> 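Please read through the structure below; I'll follow up with questions.
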There are 4 protein chains.
Amino acid sequence: MAPVPPAPNGAPRPGRPRSPAADRAILDATRQQLAELGYAGLTVEGVATRAGVAKTTVYRRWTAKADLVVDAVVEGVQAPLQPQPSGDGEAVVRALVAALAAPEVRGAYLALFAEAQVDPVLRARVHERLVHPARRLVAALTHVEAPDADPDLVFDLVAGAVLHRVLITARPADEPFVRQVAQTIRAAARPALG
Amino acid sequence: MAPVPPAPNGAPRPGRPRSPAADRAILDATRQQLAELGYAGLTVEGVATRAGVAKTTVYRRWTAKADLVVDAVVEGVQAPLQPQPSGDGEAVVRALVAALAAPEVRGAYLALFAEAQVDPVLRARVHERLVHPARRLVAALTHVEAPDADPDLVFDLVAGAVLHRVLITARPADEPFVRQVAQTIRAAARPALG
Amino acid sequence: MAPVPPAPNGAPRPGRPRSPAADRAILDATRQQLAELGYAGLTVEGVATRAGVAKTTVYRRWTAKADLVVDAVVEGVQAPLQPQPSGDGEAVVRALVAALAAPEVRGAYLALFAEAQVDPVLRARVHERLVHPARRLVAALTHVEAPDADPDLVFDLVAGAVLHRVLITARPADEPFVRQVAQTIRAAARPALG
Amino acid sequence: MAPVPPAPNGAPRPGRPRSPAADRAILDATRQQLAELGYAGLTVEGVATRAGVAKTTVYRRWTAKADLVVDAVVEGVQAPLQPQPSGDGEAVVRALVAALAAPEVRGAYLALFAEAQVDPVLRARVHERLVHPARRLVAALTHVEAPDADPDLVFDLVAGAVLHRVLITARPADEPFVRQVAQTIRAAARPALG
DNA sequence: AATTAAACGAGACGGTACGTCGAGTCTTATC
DNA sequence: GATAAGACTCGACGTACCGTCTCGTTTAATT
């Protein structure tokens with residue numbers, strides 16, 4: 001019983017260790033299912049089958065479907081969201097676009113926040129794993145290009161614009177768009193915004 | 001058979017007409033369920049019970065859960081989204097906040113776009129009923145306060161900022177926030193944005 | 001409201017008179033559905049459609065599916081079950097076989113008695129319309145060929161044998177079978193049976 | 001998937017074995033529902049609830065309502081239908097009466113043959129599990145008391161008489177009745193019947 | 001090498017909701 | 001007042017996933 005725990009200890013636990021191959025296969029399968037079917041269409045049974053793994057093996061690691069999906073999305077998001085050393089505005093916007101454009105992210109991001117609307121545990125998890133990393137990235141931009149601006153506002157403006165472009169209006173988030181968003185922040189920062 | 005059709009005809013159709021009371025009761029029940037349980041927690045069975053109506057009566061009008069929810073959300077959104085005669089920037093932002101803050105909208109908005117990500121029919125429906133009205137509202141702002149700006153960009157910036165504030169970071173979308181967003185657009189518009 | 005009544009009065013009732021064509025069409029359709037689909041497979045909706053009649057028209061004449069089926073079966077049974085003037089044993093058995101062999105009767109007879117097992121109103125109806133006519137027919141045989149026998153016993157033996165042959169074992173109820181059954185009664189009657 | 005199969009193998013199958021307690025509870029509940037509500041009144045939902053079991057657990061074992069009922073009826077019938085060592089005519093008739101008089105059998109027997117009229121798969125099943133055992137029992141009688149008679153005829157006569165008495169005319173199948181039926185066969189057998 | 005303890009595959013289990021179907025009733029407009 | 005059409009309530013259907021539970025079977029680390 002008791003799922004999830006055995007991750008963060010160095011001491012070898014008794015009994016057969018969990019298969020790292022299963023971890024990988026499950027997360028990969030989850031990302032594929034999300035990309036193809038979206039969050040609602042994803043089933044734990046389907047993930048397990050695709051991963052060549054028993055359902056128990058999934059539930060031993062993740063308590064529920066939402067947890068599993070959070071981890072899969074975090075994987076898809078963390079590479080692009082790596083803190084930029086530069087703090088260049090356009091690079092930050094470009095990173096946000098890259099994060100949301102990954103197909104498994106498109107299929108799951110909004111659904112996770114939709115569920116979080118009503119499930120406080122999931123909300124906390126999703127804030128910690130998805131919102132905060134993005135926030136940290138945008139903070140770099142704020143420091144460099146709009147040092148006097150309210151960081152919360154800049155975050156909502158920049159991340160909101162990208163999210164809305166990619167997942168709501170679904171128009172291309174191309175280079176001109178990236179430049180315009182970065183430019184907007186710079187322009188607004190001039191007379192002090194906030 | 002064949003659900004939904006009998007809406008837009010003036011000619012009296014044969015047979016017993018659909019009960020308008022049932023329409024109302026179903027939509028009201030849907031809004032209540034969305035506010036309390038969110039999209040994933042809403043069940044057609046629950047809506048029907050709460051509306052004091054048989055499940056078949058729901059399915060006769062709406063093919064799928066998503067369709068029903070679109071209509072319920074549109075109802076919650078259309079009053080605040082009424083086109084502003086003025087085009088005053090802050091009024092527009094305030095209207096967007098009001099639209100998304102309605103509890104049934106909070107519980108459903110993201111979920112609809114999440115499903116739309118993977119269901120083209122729903123995507124079209126949701127664009128027509130939810131995205132376009134918001135877009136028209138923001139267009140007023142563009143015309144008056146940022147006539148040279150790219151309307152698509154302004155829409156993503158303004159609607160994105162509100163959406164992100166209300167549904168993602170879930171911080172208060174209060175008057176200062178409203179002013180700041182409007183101010184940002186004005187500031188960015190000065191040197192021509194777009 | 002109030003279905004069924006307007007059959008047995010000579011006085012012309014007010015309003016539009018019931019269509020005799022509808023009566024016929026409904027009963028014919030019922031017999032066809034019974035023959036093709038059996039009792040469980042028959043639906044009132046299907047009968048109405050096939051009869052080219054609205055469902056209301058069916059329910060105005062018969063309170064329930066079982067009632068309708070009783071009448072349809074009685075129609076299929078009453079011609080063969082006409083009282084034999086002769087009282088010839090083999091003719092009686094042959095008549096019983098003919099009554100049960102009609103396809104709409106095969107599909108419905110047992111089902112009606114199955115339901116009657118648990119529904120006293122149906123049981124009364126089915127006894128009056130189906131059991132008693134058969135009983136009267138067999139009584140003729142008893143009088144002539146087994147005058148000292150218990151009529152109840154002869155009825156159960158003869159009608160039971162035919163019923164079992166046609167609807168349970170489903171072997172051919174041919175002329176040899178008819179002769180053997182009649183012969184059995186005669187043989188048993190000799191030393192007085194009952 | 002694939003219901004029913006895992007009955008007749010000795011080799012232990014993979015996965016959690018089916019609960020024998022559930023088997024028992026389901027069949028018991030089925031017999032109770034049949035006795036109280038008859039075949040038409042029995043619902044899988046009701047059986048599951050009464051058995052304290054999920055609906056899926058029923059459907060995993062039996063494909064359809066009719067299959068489940070066959071098994072329940074066979075259980076109610078097999079004790080009385082145990083082959084008589086003696087071959088005493090009255091004992092055989094008494095056994096048939098006892099088999100059909102069980103309340104779950106009364107409520108279901110005719111309904112099964114009614115459905116079998118139109119469903120060949122059910123017909124085969126019902127013949128194998130219900131008709132043949134009764135036939136074997138009556139065969140004993142034939143051998144001893146009517147060795148020259150056609151066994152098919154004797155079966156239809158004896159089983160038919162009992163069935164008709166118990167389930168159609170619904171008059172008491174008491175000792176006098178039992179004696180009379182046995183006596184009829186004996187009398188008819190004298191001059192050779194068949 | 002034998003033991004131990006947990007992971008693992010398989011699949012049954014209790015639940016809950018799905019979307020459909022049929023029974024029987026009710027409500028229109030038309031005949 | 002009968003009729004056609006079709007909406008309505010109710011209750012069950014059989015299916016699909018959820019997340020949990022038992023099985024029998026590996027697989028490491030420990031004795």
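Quick note on labels: first sequence line is chain A, next is B, and so on, each numbered from 1. From a predicted model like this one, the values you see are computed outputs, not experimental measurements.
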> Residues in salt bridge (Lys or Arg N to Asp or Glu O under 4.0 Å) with R129(C), at least two apart?
D71(C)

> How many Å lie between CD1 on I26(D) and C1' on dG14(E), as a whole number?
12 Å

> Name every residue in residues 110-117 of chain A that has at least one heavy atom under 4.0 Å from any atom of DNA chain E, in order of residue number, or write none if there are no such residues.
none

> Has K65(B) got its NZ or CZ under 6.0 Å from the middle of the six-membered ring of Y39(B), at an angle within 45 degrees of the ring axis?
yes

> Between R18(C) and D23(C), is the closest basic N to carboxylate O distance under 4.0 Å?
no

> Categorize A64(D) for me: base, sugar-phosphate, or nothing, with a 4.0 angstrom heavy-atom threshold over every strand shown.
nothing

> G38(A) and V118(B): which non-hydrogen atoms are nearest, and at how many Å?
N-CG2, 3.8 Å

> Of G15(A) and P14(D), whose closest DNA chain F nucleotide lies nearer the 5' terminus?
P14(D)

> Heavy atoms, side chains only, cut-off 4.5 Å: are E75(A) and E104(A) in contact?
no

> What's the OH-P distance between Y59(C) and dG6(F), to the nearest Å?
18 Å

> Mind calculating the distance between OH (Y39(D)) and C1' (dC13(F)) to the nearest angstrom?
13 Å

> Which protein N or O atoms sit under 3.5 Å from an N or O of nucleotides 8-10 of chain F?
residue	atom	partner	partner atom	Å
dC8(F)	OP1	S19(B)	N	2.8
dC8(F)	OP1	R61(B)	NH2	2.5
dC8(F)	OP2	R60(B)	NH1	3.0
dC8(F)	OP2	R61(B)	NH2	2.4
dT9(F)	OP2	A54(B)	N	3.1
dT9(F)	OP2	T57(B)	OG1	2.5
dC10(F)	N4	T56(B)	OG1	3.1

> Identify the heavy atoms of L112(C) and L122(C) that sit nearest to each other, and give their distance.
O-CD2, 3.8 Å

> Round to the nearest Å and state the distance from K65(B) atom NZ to dT16(E) atom P.
16 Å

> In whole angstrom, what separates L68(D)'s CG from dC13(F)'s C1'?
14 Å

> Between the main-chain N or O of V53(D) and the side-chain N or O of T57(D), is there a donor-acceptor pair closer than 3.5 Å?
no

> Taking all atoms of both residues into account, what is the closest heavy-atom pair of L37(B) and L42(B), and its distance?
CB-N, 4.3 Å

> Sequence neighbours excluded, which residues qualify as side-chain contact (heavy atoms from CB on, under 4.5 Å) partners of A29(A)?
V47(A), R50(A), A51(A)

> So, using ring-ring contact (aromatic ring centres under 6.0 Å, His included) as the criterion, who are the partners of F113(D) when residues are at least two apart?
Y109(D)

> Rounded to whole angstroms, how far apart are CZ on R13(B) and C1' on dT27(E)?
14 Å

> Residues from residues 40-48 of chain C sitting under 4.0 Å of DNA chain E, heavy atoms only?
L42(C), T43(C), V44(C), E45(C)

> Would you mind checking if D28(D) and R24(D) are paired as a salt bridge, meaning a charged N to carboxylate O distance below 4.0 Å?
yes

> Calculate the interatomic distance between W62(C) atom CH2 and dA2(F) atom P; express it in whole Å.
14 Å

